[in-house]
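Below is one structure, written out as structure tokens; the observations come after it.
Every heavy atom of this structure was used, including side-chain atoms; hydrogens, water molecules and symmetry mates were not. We name chains A, B, ... by the order of the sequence lines, and we start the count at 1 in each one. A quick note: this is a predicted structure, and the numbers were derived from the prediction, not measured.
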Amino acid sequence: MKVKLENLAKKFGEVIAVDNLSLDVREKEFLILLGSSGCGKTTALRCIAGLETPDEGKIYIGNKLVNGLPPGKRDVAMVFQSYALYPHMTVFDNLAYPLKVRRSQKDEIKRRVKGTAELLEIENLLGRKPSQLSGGQAQRVALGRAIIREPRVFLMDEPLASLDAKLRAYMRAELKKLQKDLGVTTIYVTHDQVEAMTMGDRVAVMSQGKLMQVGSSEELYNYPRNLFVAGFIGSPSMNFIDVIFETRSDKFFLRGKDFQIELPRRLGEMALNNAKDFKVLLGIRPEHMVIGNHKGHYTEDTSIKAEIYVVEPLGRDVLVNLRLGDLTLRVLTPPPFGAKMGDNIQLSLNTAKIHMFDRKTEQSLLVTKQA
Amino acid sequence: MKENYRFLVEKSQEATVPWHEKHFKFLLVFPSVMLFILLTAYPLVHLIYTSLHRFDFIGGQFHFIGLANFSRLLGDERFINSIINTLRFMLMATFSQVLLGLGLAVLFNSMKFRGKMLLLPILILPMMIPSMVVNGIWRIMYSYEFGIINRILEGIGFTRIGWLWDPAIAMESVVLVDIWQFTPFVFLVLFAGLQAIPEEVYEAAKLDGSTKLQTFKNMTLPLLKHHLLLVILLRTVDTSNLFDKVLVLTGGGPGFTTETISLFIYRQSFVFLNLGYGAAASIVMLLLVILAGGSLFAILILGARVIKSTFGRQSYA
Amino acid sequence: MHKVLLGKTRKADKLVPYLILAMVLLFTLFPLYWMIITSFKTPLEFVARDIAWIPTPITLGHYGEVVEEGFMRFFVNTIIIAVFSTILAVTAGALAAYSLTRFRFRAKFDKLFLLWAIIVRIIPPIVFLTPLFITFRELGLDDVRLRLILSYQVYVLPLCVWLLLGFFRDVPIEFEEAAQVDGASRIFTLRTVVFPLIAPGLVAAAIFSIITTWNEFIYALIFARVSADFTIPVGIATLIGEYEVLWGALSAAGFLSSLPILIFTVYVQKHLLRSFAKRGVLRG
Ligand SMILES: Nc1ncnc2c1ncn2[C@@H]1O[C@H](COP(=O)(O)OP(=O)(O)OP(=O)(O)O)[C@@H](O)[C@H]1O
Ligand SMILES: [Mg+2]
């Protein structure tokens with residue numbers, strides 16, 4: 001079942017929660033709505049569910065316009081962040097509730113509750129009240145209550161947010177598999193990047209009510225369309241440096257205060273096509289820089305002199321904060337890392353992984369004009 | 001209401017939604033609105049109408065006399081006297097109940113012994129039993145000749161006291177009954193408020209080395225502010241209605257020393273059948289109570305605000 | 001020397017709260033004790049030279065008098081009136097409070113409604129007496145019980161609305177939204193999700209309402225003209241004459257009519273404390 005949002009907008013008084021949001025969710029797709037706290041993800045989801053009336057815009061489920069349709073008639077199931085399991089009912093009754101609402105037969109209810117419980121491995125919990133469940137168990141029951149109806153669309157609002165890290169990692173995989181098995185279109189809200197990158201077929205990044213970019217994890221990581229997505233996706237986040245974009249004798253350069261980098265020809269041409277100003281922002285991820293002069297890998301020209309500031313061992317990597325004039329750059333480098341604060345080092349950039357942004361519009365300069 | 005408070009969606013253009021779903025919210029408030037209109041708003045209109053008339057109970061007719069009832073009231077010493085009596089009772093009863101109730105609540109809250117909570121229903125017994133029973137008990141105990149209070153007084157060498165006869169103390173006797181009956185109410189509300197104050201607040205205060213009195217002044221009182229405000233308001237409002245106690249304990253006497261506004265209105269309306277005059281007195285009483293309640297509320301709220309803005313937030317820290 | 005003294009005062013200090021509490025308990029319980037034993041005393045003992053702390057012999061005669069006075073009838077009247085006013089107030093109040101917490105209203109209707117409820121709570125009941133009397137006559141409502149059930153709404157409806165408002169606000173709206181997404185109708189949601197969740201609130205409102213209506217006097221005094229219509233408080237008032245008081249019958253009737261409320265109180269005290277912590281909107 002497809003879900004389509006057209007120019008959706010919702011205000012709460014002065015606060016613009018959702019701003020002109022258009023989005024296509026494909027058949028059977030697992031789409032993630034990603035964004036920082038308060039950016040309007042929940043509001044968008046609630047509009048789709050019918051729990052919030054949008055000020056403007058259209059919502060289609062399948063090919064049907066559902067604006068004005070009450071939540072119960074939209075045939076969507078929602079998993080709330082708080083789970084909203086009815087505290088006065090047993091797990092069985094919680095699972096059976098959506099069926100009871102539809103006046104299903106007693107036997108039918110029993111059969112389907114049993115089937116759902118088996119699928120989620122919660123058969124032994126059926127007699128318990130929600131207060132007697134652990135976080136993970138409650139989460140499964142909440143999922144079960146959504147699944148049992150066999151709805152056309154699942155809406156999930158940070159369903160894993162209140163689980164501990166280990167359980168969350170486990171449930172990520174479970175949930176993804178379940179979604180693929182059931183083949184039901186799913187819109188999943190989260191502010192957790194890792195969840196977004198690992199679970200979704202595609203991720204829609206939101207900021208202040210606006211849609212910033214939709215795409216697969218790889219697309220978002222490799223080809224961020226704007227400054228926000230570039231900074232938001234990836235951890236530790238991308239470094240940004242003010243530079244001047246120059247072409248000299250058929251070559252392309254980015255010139256900073258005390259360094260200069262030659263751009264690969266492909267990137268340079270693309271940027272030249274899009275740039276409106278020679279003052280641009282250079283973006284480079286911490287993992288795309290190397291400390292020390294790695295001959296053969298990065299060219300001489302790209303090396304920058306910098307001073308080591310703070311070194312944070314992260315386990316698998318070491319995060320090194322460098323001082324470059326009044327700039328601070330973060331670089332990921334493999335351990336062991338011997339240098340200390342104050343040491344002067346050489347820094348090399350992987351120029352193929354460079355991003356460039358217009359300072360005013362904050363849009364990427366490295367996009368080919370496409371639909 | 002809170003800013004981020006959520007409501008249920010209602011807008012729905014679909015024709016298949018049954019009408020009772022569409023107008024659900026109005027259907028739900030309808031019974032209460034009807035009851036309020038029928039039992040309060042409409043009668044108030046009636047009251048105003050009646051107050052502008054003289055009721056002729058021989059013919060059962062109302063005659064329009066304008067504001068004559070009101071001008072008569074202003075000159076009626078008995079009415080003025082009843083207002084003063086009511087105010088006296090309100091002040092004495094509310095003040096002593098709040099003071100005693102607060103003291104008892106703080107004391108009870110600070111005590112720790114086994115089975116403490118079992119004492120609670122016993123301590124609040126007086127407020128639970130019917131007012132008329134309370135009046136009955138005290139009428140028996142206050143009895144001049146054979147009442148237990150006077151007999152105990154005699155037993156320890158005092159003379160008998162005309163609790164309900166002596167104009168000098170009749171009102172105080174009535175106040176005592178009200179204290180017995182409603183201090184438990186004040187106690188219960190304030191105790192519930194104290195229970196809601198987390199233990200850490202007191203522990204923190206102890207660590208800061210504040211004395212018991214300081215803790216009470218700086219922690220307990222500010223945190224109990226809302227509960228105190230509530231009981232003061234409720235007791236003020238309720239004591240202004242004093243009726244059944246004086247009706248059966250003193251009959252408003254001796255003389256008119258304990259006649260309250262309510263008793264005055266009751267007698268005008270239902271004993272002398274001066275319905276118009278009683279209605280006029282009712283309106284005056286209504287205005288007085290709303291005025292008193294409103295200004296008390298304003299004073300308490302503003303007072304609390306002024307205190308807060310003067311002393312800042314330190315009292316909560 | 002000093003230390004010893006200090007130790008002694010400390011010990012005495014610790015006793016003071018218990019002494020005060022004991023005195024409070026004595027003051028609270030003595031009148032009740034006195035009522036109960038008075039109800040079992042013979043009239044001779046009322047006036048005996050020595051104070052009779054414990055009745056000997058015990059007589060049940062006063063209870064007979066109470067029955068003769070028609071108190072059985074008063075009991076039935078009071079129960080019917082208290083139960084039906086409570087059902088009416090709790091139902092109407094719960095529905096209104098729910099609607100006001102969960103839906104948006106135009107033109108500040110919700111705030112006006114709640115303000116009106118407070119104003120009604122503040123207005124002295126005697127003010128409504130004459131006009132209610134006239135209103136009922138206009139409407140042709142003659143039944144005294146019905147009149148009282150309706151007039152008691154003036155006391156208990158505002159109380160129920162305000163009390164339940166707090167309970168509804170404490171229930172997260174997600175439960176209802178979940179039911180809504182599942183396709184439950186409004187009424188079904190109310191019945192299967194909302195009301196079960198605020199059951200403690202309904203109980204608390206019912207308790208306050210029953211106690212208030214059980215104890216009410218002034219409306220009952222005016223509306224019940226003949227003894228067949230009397231409620232217990234009015235019945236008791238008839239035993240307290242201006243000059244003569246029937247001690248025995250009065251005590252017996254007082255004890256009997258307090259008994260249900262006393263048992264009730266002990267039984268529900270947990271609820272009481274909880275709802276008082278929320279909002280103590282009780283008419284004294
Ligand atoms: N009922 C409401 N009334 C007023 N403002 C609201 C309401 N619901 C949401 N908002 C505001 O709208 C904005 C978007 O809220 P929303 O809940 O959609 O954010 P979110 O992206 O889900 O955030 P989070 O990750 O914290 O859940 C916020 O600024 C929020 O304060
Ligand atoms: Mg959210």
Side-chain angles (χ1 to χ4, degrees), chain B residues 6-8 21 24-25 28-29 31-32 35-36 39-40 42-43 46-47 50 104 107 111 120-121 123 125-126 128-133 136-137 139-141 146 148 151 182 185 188-189 192 196 230 237-238 240-241 243-244 248 251 262 265-266 269-270 275 278-279 282 285-286 289-290 293, chain C residues 17 20 24 28 31-32 34-35 38 46-47 51 92-93 95-96 98-99 102-104 116 120 122-128 130-132 134-135 150 153-154 157 173 176 185-186 211 214-215 217-218 222 233 236-237 240 242 245 247 250 254 257-258 261 265-266 269 273 276-277 280 283-284:
Chain B
R6 272 197 195 142
F7 298 91
L8 293 173
E21 289 263 310
F24 197 61
K25 64 177 181 187
L28 293 187
V29 287
S32 292
L35 284 172
F36 274 143
L39 300 168
T40 61
Y42 181 67
H46 247 310
L47 187 70
T50 314
L104 187 59
L107 180 88
M111 291 173 81
L120 202 64
L123 282 169
L125 276 183
M128 309 304 297
I129 63 180
S131 254
M132 200 41 68
V133 175
I137 303 173
R139 179 75 194 268
I140 292 173
M141 296 202 306
F146 301 110
I148 181 68
R151 294 183 73 166
F182 288 115
F185 170 72
L188 185 60
V189 174
L230 184 76
V237 166
D238 288 340
S240 70
N241 301 334
F243 173 73
D244 56 280
V248 298
S262 286
I265 294 172
Y266 165 75
S269 304
F270 296 99
L275 291 188
S282 298
M285 178 179 196
L286 190 115
V289 168
I290 289 184
Chain C
I20 297 176
V24 169
T28 304
L32 294 171
W34 199 244
M35 169 182 75
T38 303
F46 298 158
V47 296
I51 302 172
L95 295 180
Y98 176 72
S99 184
R102 288 304 197 244
F103 295 100
R104 256 177 264 262
W116 186 247
V120 170
I122 291 176
I123 295 177
I126 191 141
V127 166
F128 289 117
T130 317
L132 266 181
I134 298 174
T135 306
L150 283 175
Q153 300 308 310
V154 173
L157 188 55
I173 201 167
E176 287 146 69
S185 71
R186 300 246 195 243
I211 291 173
W214 185 270
N215 297 350
F217 174 65
I218 186 164
I222 300 302
I236 289 176
I240 312 174
E242 203 174 328
V245 179
W247 283 23
L250 176 58
S257 57
S258 308
I261 294 283
T265 309
V266 175
Q269 56 135 331
L273 195 63
F276 267 108
R283 190 184 275 270

Can you name the nearest heavy-atom pair linking C/S258 to B/V133, along with the distance? OG-CG1, 3.7 Å
Looking only at heavy atoms, which two atoms of C/I240 and B/G136 are closest? And how far apart? CD1-CA, 3.8 Å
State, yes or no, whether a side-chain contact exists between B/I129 and C/L32 at a heavy-atom distance under 4.5 Å. yes
Do you know which two heavy atoms are closest between B/N241 and C/P124, and how far apart they sit? OD1-CB, 3.1 Å
How many angstroms lie between OG in B/S240 and CD1 in C/I126, if you round to the nearest 0.5 Å? 11.5 Å
Okay, B/L47 and chain C: the region with an atom under 4.5 Å from a heavy atom over there is both
What part of B/F243 lies closer than 4.5 angstrom to a heavy atom of chain C: side chain, backbone, both or neither? side chain
Nearest non-hydrogen partners of C/P131 and B/P43, listed with the distance: CB-O, 3.0 Å
When every non-hydrogen atom of B/L39 is compared with those of C/F128, the smallest separation belongs to O-CD2, 4.0 Å
Beyond-backbone contact of C/I236 with B/P130, side-chain heavy atoms, under 4.5 angstrom: no
First locate atom CD1 of B/I140, then atom CH2 of C/W34, and finally report the distance between them rounded to the nearest 0.5 Å. 10.0 Å
Using a cut-off of under 4.5 Å for heavy-atom pairs, which of C/L95, C/V24, C/T38, C/I20 has the most such pairs with chain B? C/L95
Greatest number of heavy atom pairs closer than 4.5 Å to chain B - which of C/A92, C/S99, C/G93, C/G254: C/S99
Heavy-atom check, side chain of C/L157 versus side chain of B/S32, under 4.5 Å: yes
Counting only non-hydrogen atoms closer than 4.5 Å, does C/I222 touch chain B with its backbone (N, CA, C, O), its side chain (CB onward), both, or neither? side chain
Taking all atoms of both residues into account, what is the closest heavy-atom pair of C/R104 and B/K25, and its distance? O-NZ, 2.6 Å
Tell me, for C/F103 versus chain B, whether the close heavy atoms (under 4.5 Å) come from the side chain, the backbone, both or neither. both
Looking at residues at least two apart in the chain, or sitting in another chain, which of them share a side-chain hydrogen bond (donor to acceptor under 3.5 Å, both in side chains) with B/T40? C/W116
Can you tell me which portion of C/L250 sits under 4.5 Å from chain B's heavy atoms? Options are side chain, backbone, both or neither. side chain
Are any of the side-chain heavy atoms of C/T28 and B/P126 separated by less than 4.5 Å? yes
Where on C/W247 is there a heavy atom nearer than 4.5 Å to chain B: the side chain, the backbone, both, or neither? both
Rounded to the nearest 0.5 Å, how far apart are CD1 of B/I137 and CE of C/M35? 4.5 Å
What I'd like to find out is whether the side chain of B/D244 reaches to under 4.5 Å of the side chain of C/I218, using heavy atoms alone. no
Need one label for B/L8: side chain, backbone, both or neither, based on atoms under 4.5 Å from any heavy atom in chain C. both
Of B/P31, B/A279, B/S262, the largest count of non-hydrogen pairs under 4.5 angstrom with chain C goes to B/S262
Do side-chain atoms of C/N215 reach the backbone of B/M128 as a donor and acceptor pair under 3.5 angstrom? yes
Contacts of type side chain to side chain contact (heavy atoms under 4.5 Å, CB included), residue B/S269, not counting sequence neighbours: B/I265, B/L275, C/T130
